[in-house]
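Notes to accompany the following structure.
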Amino acid sequence: MTSNYDFLKHTDLFKKDGTIKEIKQISEGKIRVRTDDGKFYVISLYDIDKHKDISEESFIQERLRDIGIDSLRIYEQGIFPDLKKSYKIFQYRDEQSLKDFLSKASEEDEFRIGFNFGQILKKFHQTSTDILVDWEKDFTTKANYLFYMHGISDKKTEKDYIYIDHIKDNIHLSKNTTNNLIHGNINDKNIRVYGNLNLDLRGIKEIKLGDGIFDFVDINKLAITHPVFARGVVEAYFDGQRPSRKFFRLLSLYQAYVILYNQVNENEDKPHFLDGKERSRILEMYDYFNQLVPNWIS
């Protein structure tokens with residue numbers, strides 16, 4: 001990134017002379033600014049074609065505030081034509097990633113933060129929207145395309161029939177599922193912790209709709225290293241009751257799809273990424289899909 005920050009004067013927030021007191025680059029594409037009045041802001045730079053996605057974040061931020069999440073406020077968004085970058089300016093807050101938090105948390109705090117997240121996830125899934133999707137059609141189309149890509153892939157293994165048969169045997173369950181607003185990319189980096197076990201959600205760049213149970217494939221991944229957190233999520237999401245058999249069948253369906261997808265399309269930049277070791281650990285959770293309930297729950 002350039003060390004010349006004159007482009008910041010082209011923003012509405014910082015265009016007045018004397019507004020900026022201190023500038024510090026805190027990561028690639030991310031700058032922290034302290035103004036004369038002692039306030040801190042962060043400017044994030046993105047590819048210019050991401051401007052539309054950033055614009056949609058305003059809707060997401062409003063939905064998060066509706067369910068009681070004090071998300072970082074976006075003060076401004078736009079384009080720097082000279083840099084060929086889009087940008088957003090949002091508030092700075094002293095926080096840490098869930099990954100960093102869990103690395104030193106007690107078992108009690110791990111469960112509590114999982115419980116807090118489970119409550120948030122439930123409210124998020126219950127958020128109403130006028131947009132409707134045909135989840136069964138969309139998921140079936142994706143599954144059929146995955147089968148095709150697997151057929152021409154050079155990454156086949158002897159265990160692949162396990163995933164393919166499980167998907168085909170259960171795909172009918174995707175019919176008549178609830179139409180939810182879904183996160184779509186839960187991980188221990190974009191869940192942020194601040195203050196007294198307060199949470200914020202990141203990584204939601206666009207509106208995604210479908211079966212909220214699909215988000216639990218990411219909870220399965222977190223359960224590999226932090227099963228206590230994952231149990232806290234389920235405890236809160238289902239109000240202390242055991243999830244239904246249909247929930248477990250749908251989750252196992254989506255999990256089999258994600259494992260096969262990752263095998264055919266290994267890409268760390270994609271949501272729900274699982275490396276080979278993680279795929280093996282999740283297979284063990286399900287006893288190679290001989291059981292519907294992952295062992296961290298039972």
Side-chain angles (χ1 to χ4, degrees), residues 98-99 121 133-175 177 180 182-191 203-206 208-227 229-230 233-234 243 246-298:
L98 178 67
K99 181 177 183 179
L121 188 62
V133 298
D134 189 335
W135 173 255
E136 179 194 18
K137 180 180 178 180
D138 287 354
F139 184 72
T140 300
T141 299
K142 290 178 180 178
N144 286 334
Y145 181 70
L146 178 58
F147 294 153
Y148 166 76
M149 292 302 296
H150 175 264
I152 63 174
S153 171
D154 59 357
K155 299 178 181 178
K156 300 183 184 69
T157 75
E158 295 179 357
K159 298 187 182 74
D160 293 356
Y161 75 91
I162 297 174
Y163 325 129
I164 294 171
D165 288 351
H166 193 75
I167 295 168
K168 289 181 176 179
D169 289 346
N170 291 280
I171 199 167
H172 66 281
L173 294 171
S174 63
K175 185 175 183 179
T177 52
N180 301 125
I182 60 177
H183 186 291
N185 186 23
I186 296 169
N187 61 59
D188 56 11
K189 297 181 183 64
N190 61 30
I191 301 173
I204 310 178
K205 305 301 184 185
E206 59 182 323
K208 297 179 182 178
L209 297 165
D211 184 2
I213 295 174
F214 198 93
D215 272 338
F216 280 84
V217 300
D218 292 329
I219 304 302
N220 265 346
K221 178 179 178 178
L222 289 170
I224 293 173
T225 51
H226 298 289
F229 169 84
V233 174
V234 171
K246 185 176 181 180
F247 167 84
F248 287 124
R249 289 187 68 184
L250 280 166
L251 175 55
S252 67
L253 163 66
Y254 302 146
Q255 189 64 78
Y257 169 87
V258 167
I259 291 175
L260 186 62
Y261 179 86
N262 273 267
Q263 181 180 304
V264 175
N265 305 280
E266 248 184 335
N267 186 336
E268 291 191 39
D269 292 332
K270 294 289 186 182
H272 324 299
F273 171 75
L274 297 169
D275 61 29
K277 186 176 181 179
E278 289 166 336
R279 293 197 296 269
S280 295
R281 292 289 298 276
I282 291 177
L283 275 173
E284 292 169 4
M285 284 183 188
Y286 282 95
D287 187 24
Y288 295 85
F289 291 100
N290 287 313
Q291 62 187 39
L292 293 177
V293 183
N295 60 17
W296 59 267
I297 294 180
S298 56

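Keep in mind that this is a model prediction, so the values were computed, not measured.
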Handout entry: Verdict with reasoning, Tyr254 to Phe216, per ring-ring contact (aromatic ring centres under 6.0 Å, His included)
Key = CA-CA 9 Å; Tyr254 302 146; Phe216 280 84; over 10 Å; no

Please give me the minimum heavy-atom distance between [X] and [Y], naming the atom from each residue.
X	Y	result
Ile219	Ala230	CG2-CB, 3.8 Å
His166	Asn170	O-ND2, 2.9 Å
Pro227	Trp296	CB-CB, 4.1 Å
Lys208	Gly184	NZ-O, 4.0 Å
Phe248	Pro243	CE1-O, 3.6 Å
Thr140	Ser174	OG1-OG, 4.4 Å

Report, as yes or no, whether the 6.0 Å neighbourhood of atom [atom1] on [X] holds more than 12 heavy atoms from other residues, nucleotides or ligands.
X	atom1	answer
Lys246	NZ	yes
Lys270	NZ	no
Arg249	CZ	yes
Lys156	NZ	yes

If you round to the nearest 0.5 Å, how far is [atom2] of [Y] from [atom1] of [X]?
X	Y	atom1	atom2	answer
Asp134	Leu209	CG	CG	12.5 Å
Met149	Gln263	CE	CD	13.0 Å
Leu274	Gln255	CG	CD	6.5 Å
Asp160	Phe147	CG	CZ	11.0 Å
Glu266	Phe273	CD	CZ	5.5 Å
Tyr261	Ile167	OH	CD1	13.0 Å

Problem - Audit row: His150, Tyr163, side-chain contact (heavy atoms from CB on, under 4.5 Å) steps and yes/no - result: CA-CA 11 Å; His150 175 264; Tyr163 325 129; over 6 Å; no

Between the main-chain N or O of [Y] and the side-chain N or O of [X], is there a donor-acceptor pair closer than 3.5 Å?
X	Y	result
Glu136	Ile171	no
Asn180	Ile182	no
Asp215	His183	yes
Asn187	Asn190	yes

Practice task
Quick one: do Leu98 and Phe229 satisfy side-chain contact (heavy atoms from CB on, under 4.5 Å)? Show the steps, please.
Solution key: CA-CA 10 Å; Leu98 178 67; Phe229 169 84; 3.7 Å; yes

Less than 4.5 Å apart, any side-chain heavy atom of [X] and any of [Y]?
X	Y	result
Leu222	Ile186	yes
Ile213	Thr177	no
Met285	Ile297	no

Handout entry: Worked check of side chain to side chain donor-acceptor pair (under 3.5 Å) between Asn144 and Thr141
Key = CA-CA 5 Å; Asn144 286 334; Thr141 299; over 6 Å; no

Problem - Full working for side-chain contact (heavy atoms from CB on, under 4.5 Å) between Lys168 and Ile164 - result: CA-CA 6 Å; Lys168 289 181 176 179; Ile164 294 171; 3.7 Å; yes

Practice task
Tell me, with the steps shown, if Phe214 and Val258 meet side-chain contact (heavy atoms from CB on, under 4.5 Å).
Solution key: CA-CA 10 Å; Phe214 198 93; Val258 167; 3.9 Å; yes

Handout entry: Test side-chain contact (heavy atoms from CB on, under 4.5 Å) applied to Tyr286 and Ile259, Leu251, Val293, the passing residue
Key =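 Only match with Tyr286 under side-chain contact (heavy atoms from CB on, under 4.5 Å): Leu251.
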
Practice task
Sort out for me which residue in Asn262, Asn220, Asp218 forms a side-chain hydrogen bond (donor to acceptor under 3.5 Å, both in side chains) with His272.
Solution key: Asp218

